[in-house]
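Below is one structure, written out as structure tokens; the observations come after it.
If you're wondering where the values come from, they're calculated on a predicted model, not measured in any experiment.
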Amino acid sequence: MCELTRRGFLVGCSAGVAAMAGARFNTVAFAQGGGGENDEILVVIFLRGGMDGLHVVMPIDGVDRGFYEAARPTLQIPVTGPGAALPLDAQFGLHPSAGPLFDLFQNGNLSIVQAMGLTEVNRSHFDAMQQVERGLQSSSGAPSGWLARHLASASNLPPEMIVPSLAVGGLQPTSLLSSLETLNLSDPGQFNINTGPWLWRHPQRTALRRLWGADSTFLHTTGLQAMDAMDIIELYVDDDYTPANGAVYPQSDFGDHLQILAQMTKLDLGLQVATLDVGGWDTHAGQGQGSGGYFASLIEDLASGLGAFYLDLDGSGSANFTSRLTVVVHSEFGRELRENSDSGTEHGYGNLMMVLSGNAIGGLHGTWPGLAPGQLVDGTDVAVTNDFRRILSEVLIRRLANPQLGLIFPGYGDYQPLGIVQGEDLPPIYGDQPLFEDGFETGDTSRWSTSVG
């Protein structure tokens, strides 16, 4: 019989995996819910390049509308006529190409936090992404990612998880750095041992399992993890997948990756955390005029993908996955208020974050700082009134029941919920306790994770 280990893949279970073809994994390997365990799923989508939050949610009335129109004579989204903004409330509207997000907002499943970001200005892509993904307010500090630290510090995870974390795409993000249990998956069709049909390559698999099982080093352990992942993917994830509820994913890399994530979610393999990157948001030029152009295609792909993903998982099968799903969408920083001479925008500061969930407290959240010249940072940027760690901390505490903020966000100590998701307000735990018992955080890089796919 296979031995199941906490926070890891099935190890040495190739025959057992094959024998379970057609069965649901959660009836065999994953103790879902109950006993104080947490079966919540957190999906973090990072928009690489500095997404222009003012082109997603913009003022449609009041004094800020005047400042917005003056600063963006060609980029501005109109408030009437063709391509008009979709009204979120009396003051703010949503880009008209984000219709599926508007529907989710209207249904109370989408929370939007405005004026969110780092507490200090950082307009460097690399540095800002590093700080956000490591959960820090400086470019130095803990070398691991905040999601990896959540997985390492959570005390309420199920005892058996086959795939606790998943990075969809070509690379494992910094937010999961140090997690040795992350499956990196881009194309299920290429995630295999390319030596012929399953039965033909059984001898090769057996030989490789014996090789990887001969020792317990990092290389041997990740080799076995990769073998187990290949067995699961080849059996259960394929191109014949039919989304539930009539959901239609966009024909794009983003749509394909979300569909993979939906398939993996429905397998109930103990998935706790998943990440997905979307590039192309560094719009220095050719952003588009008004409601059309390049940015409109970006936001349409994002909105239609998220809408399809939520619909696909809403009430699917015997479980309503959206009742335990939280999706966080954010970027490293925003853009300047003023458009430039190339119909684009330069690196800015404050931005927005979106939280999509069956447990969302929908609406606009956070203090809006205003767009008057005296309210802008350096006379150019939206100010930050909401520390990004505050939003992530609320998701961790209220949805994932992990109050270990001192471990996950070192140096952060003044958390107060904004009210973006429902859940119990556990008292936050601060402090600088060692993060990994083996001393990883003190400089031992032997546990740094690489792709196992």
Side-chain angles (χ1 to χ4, degrees), residues 41-53 55-56 98 101 110-113 116-118 122-137 139 144-151 165-179 182-186 250 252-258 260-261 264 271-283 295 298-299 301-303 305-306 309 325-335 347-357 384 386-393 395-396 408-409 420 449 451:
I41 302 168
L42 173 61
V43 177
V44 178
I45 298 176
F46 204 112
L47 308 181
R48 305 281 173 179
M51 181 266 291
D52 184 3
H55 212 49
V56 178
L101 291 180
L110 179 64
S111 299
I112 300 175
V113 183
M116 177 281 311
L118 298 163
N122 189 333
R123 299 186 180 92
S124 162
H125 289 299
F126 178 79
D127 288 345
M129 283 189 283
Q130 286 288 311
Q131 288 176 237
V132 170
E133 291 192 278
R134 292 194 296 168
L136 306 173
Q137 283 294 350
S139 56
S144 57
W146 74 271
L147 285 173
R149 297 197 294 274
H150 155 61
L151 290 170
S165 53
L166 173 68
V168 184
L171 297 172
Q172 181 170 321
T174 300
S175 58
L176 281 168
L177 185 63
S178 87
S179 171
T182 298
L183 171 63
N184 195 185
L185 179 64
S186 179
S252 63
D253 287 344
F254 181 58
D256 292 343
H257 288 166
L258 283 174
I260 291 170
L261 180 53
M264 295 294 290
L271 182 64
Q272 295 283 317
V273 167
T275 62
L276 201 164
D277 286 354
V278 185
W281 300 89
D282 195 15
T283 51
F295 191 95
L298 285 177
I299 194 64
D301 187 44
L302 178 70
L306 289 173
F309 181 64
L325 171 73
T326 301
V327 181
V328 172
V329 184
H330 64 149
S331 194
E332 66 265 34
F333 47 62
R335 316 294 291 191
H347 297 180
Y349 185 33
N351 207 346
L352 61 82
M353 179 183 289
M354 293 183 284
V355 179
L356 172 63
S357 175
V384 168
N386 301 290
D387 189 326
F388 78 99
R389 297 171 297 182
R390 182 181 183 185
I391 299 96
L392 298 180
S393 293
V395 171
L396 287 168
I408 301 169
F409 301 121
I420 55 176
S449 177
S451 167

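Side-chain contact between L396 and H150 is present, with heavy atoms from C-beta onward closer than 4.5 Å. V168 places none of its side-chain heavy atoms less than 4.5 Å from the side chain of T275. For the pair N122/Y349, no side-chain contact is recorded, criterion being any heavy-atom separation below 4.5 Å from C-beta on. In this structure, L166 and T182 have side chains that are not in contact, with every pair of non-hydrogen atoms separated by 4.5 Å or more. For the pair F46 and V329, the minimum side-chain heavy-atom distance is 4.5 Å or more. Put simply, the side chain of R48 does not reach to within 4.5 Å of the side chain of V278, judged on heavy atoms. At least one side-chain heavy atom of V43 sits under 4.5 Å from a side-chain heavy atom of I45. At least one side-chain heavy atom of V328 sits less than 4.5 Å from a side-chain heavy atom of L42.
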Determine, stepwise, if the pair I112 / M353 fulfils side chain to side chain contact (heavy atoms under 4.5 Å, CB included).
CA-CA 6 Å; I112 300 175; M353 179 183 289; over 6 Å; no

L276 and F309: CA distance, side-chain angles, deciding distance, side chain to side chain contact (heavy atoms under 4.5 Å, CB included) verdict:
CA-CA 13 Å; L276 201 164; F309 181 64; over 6 Å; no

List the steps and the verdict of side chain to side chain contact (heavy atoms under 4.5 Å, CB included) for Q130 and T174.
CA-CA 7 Å; Q130 286 288 311; T174 300; 3.4 Å; yes

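Expressed to the nearest 0.5 Å, how far CH2 of W146 lies from CD of E133 amounts to 10.0 Å. Separating the OG atom in S165 from the CG atom in L147 is a distance of 8.5 Å, to the nearest 0.5 Å. Taken from CE in M354 to CD1 in I420, the straight-line distance is 12.5 Å, to the nearest 0.5 Å. For the atom pair CG of L352 and NE2 of H55, the computed distance is 12.5 Å after rounding to the nearest 0.5 Å. Summarising the geometry, atom CD1 belonging to I408 is positioned 8.0 Å from atom CZ belonging to R149; distances are rounded to the nearest 0.5 Å.
Looking at every heavy atom in both residues, A167 comes nearest to P173 through CB-CD, 3.8 Å. F295 and D52 get closest at one heavy-atom pair: CZ-O, 3.7 Å. Pairing each heavy atom of R390 with each of N386, the nearest pair is NH1-OD1, 4.0 Å. Scanning all heavy atoms of the two residues, the minimum distance from L271 to I41 falls at O-CG1, 3.4 Å. Here the shortest heavy-atom pairing between L110 and L101 reads CD2-O, 3.5 Å. The heavy-atom pair separating D387 from I391 by the smallest distance is O-CD1, 3.3 Å.
For H330 and F388, the ring centers sit 6.0 Å or farther from each other.
No side-chain N or O of H257 forms a donor-acceptor pair with one of D277 less than 3.5 Å apart.
Judged as a side-chain hydrogen bond (donor to acceptor under 3.5 Å, both in side chains), and not counting sequence neighbours, D256 has no contacts. The side chain to side chain contact (heavy atoms under 4.5 Å, CB included) search around S331 returns L47, M51, N351, not counting sequence neighbours.
The side-chain tip of R335 does not point at the ring of F333 from less than 6.0 angstrom away and within 45° of straight on.
A donor-acceptor pair is defined here as one N or O able to donate and one able to accept, closer than 3.5 Å; no such pair exists between the side chain of S144 and the backbone of L177. For Q172 (side chain) and L176 (main-chain N/O), a donor-acceptor pair under 3.5 Å exists by modelled atom type.
With respect to H347, the side-chain hydrogen bond (donor to acceptor under 3.5 Å, both in side chains) criterion is satisfied by exactly one of R123, E332, H125: H125.
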